[in-house]
Amino acid sequence: MDEYAREPCPWRIIDDCGGAFSMGLIGGSLFQMISGARNAPTGFQRRTLAGIARVKERAPILGGQFAAWGICFSSFDCTFAHIRGKEDPWNSIMSGAAAGAVMVARHGPKQMLGSAVVGGVLLGLIEGLGIMMNHFGSTQFRPVDPRMIPEDPAGLEQDQGSSKSIYG
């Protein structure tokens, strides 16, 4: 199966948005639970209740922010795939840069440029790591070149003409 074979683009955008929301919600819940418990008064019950209250207040916000980034990234990814006519890591890198720029557009062009560089570099590192892992994972399934195997790797073969054993 092709590495980049995914569902068609209109559905991919919705799927990535939902995946990003759930990832932000789960990660945000863990982070906010710890943050709420740390900043609460002493006592197990107080810390637990403060952590739960913080999760209810802040985790959906972080999930929504992740969903906004996910829908922006997927929209750019589908657009670049359509324009370029192929799906490769460059689409993801350009999409990360474009999504980073769009998400901070309110703050001005300087921040857009900085966020675009960070988004492009981050997605470049992620794609590069994925390619590297794929390469190392696939080397174990390559066929062995018969020229690279020694004729007698352990030196156990005997001469056909002699009847001496290898043990003496």
Side-chain angles (χ1 to χ4, degrees), residues 1-140:
M1 187 172 170
D2 189 20
E3 177 185 354
Y4 291 101
R6 300 188 296 187
E7 52 277 331
C9 264
W11 302 111
R12 181 186 312 172
I13 294 170
I14 295 167
D15 186 48
D16 286 351
C17 178
F21 177 76
S22 61
M23 187 168 53
L25 193 65
I26 292 168
S29 295
L30 293 172
F31 181 76
Q32 297 299 335
M33 182 67 160
I34 292 169
S35 177
R38 273 186 65 209
N39 296 324
T42 57
F44 180 74
Q45 186 175 5
R46 289 181 181 166
R47 289 185 187 267
T48 303
L49 290 175
I52 291 171
R54 181 86 181 224
V55 166
K56 289 181 354 184
E57 292 170 359
R58 301 291 302 165
I61 295 171
L62 190 61
Q65 291 170 343
F66 267 68
W69 189 90
I71 200 167
C72 188
F73 174 82
S74 291
S75 298
F76 279 118
D77 194 30
C78 287
T79 303
F80 290 140
H82 180 73
I83 291 171
R84 295 181 68 226
K86 58 183 174 180
E87 293 207 20
D88 61 357
W90 287 108
N91 291 344
S92 294
I93 294 168
M94 292 186 299
S95 298
V102 167
M103 294 304 288
V104 297
R106 295 191 266 176
H107 300 287
K110 187 176 177 183
Q111 283 75 17
M112 285 177 68
L113 179 64
S115 186
V117 168
V118 169
V121 167
L122 184 64
L123 264 296
L125 290 172
I126 291 170
E127 288 293 328
L129 184 65
I131 291 169
M132 186 177 71
M133 297 289 284
N134 212 2
H135 174 72
F136 287 135
S138 67
T139 55
Q140 64 183 340

Heavy-atom pair with the smallest gap, counting every atom of [X] and [Y]:
X      : Y      : answer
Met33  : Thr48  : CE-O, 4.1 Å
Ala116 : Ala101 : CB-CB, 3.9 Å
Gln32  : Ala59  : CG-N, 4.2 Å
Leu123 : Ser92  : CG-O, 3.6 Å
Ile131 : Pro89  : CD1-CG, 3.7 Å
Ala99  : Cys72  : CA-SG, 3.8 Å

With distance as the sole test, does [X] use its side chain to make a donor-acceptor pair with the main-chain N or O of [Y] at under 3.5 Å?
X      : Y      : value
Asp77  : Phe73  : no
Ser115 : Gln111 : no
Ser22  : Gly19  : yes

Say you draw a straight line from [atom1] of [X] to [atom2] of [Y]; how long is it, rounded to the nearest 0.5 Å?
X     : Y      : atom1 : atom2 : value
Phe76 : Ile13  : CZ    : CD1   : 11.0 Å
His82 : Asn91  : NE2   : CG    : 12.0 Å
Gln65 : Met103 : CD    : CE    : 7.5 Å
Ile26 : Phe21  : CD1   : CZ    : 10.0 Å
Glu87 : Arg84  : CD    : CZ    : 10.5 Å
Asp15 : Ile71  : CG    : CD1   : 11.5 Å

Within a strict 4.5 Å, meaning less than it, do heavy atoms of the Leu129 and Leu125 side chains meet?
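No; the side chains remain at least 4.5 Å from each other.
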Count the heavy atoms belonging to other residues, nucleotides or ligands that lie under 6.0 Å from [atom1] of [X], then report whether that count exceeds 12.
X      : atom1 : result
Arg46  : CZ    : no
Met132 : CE    : yes
Arg47  : CZ    : yes

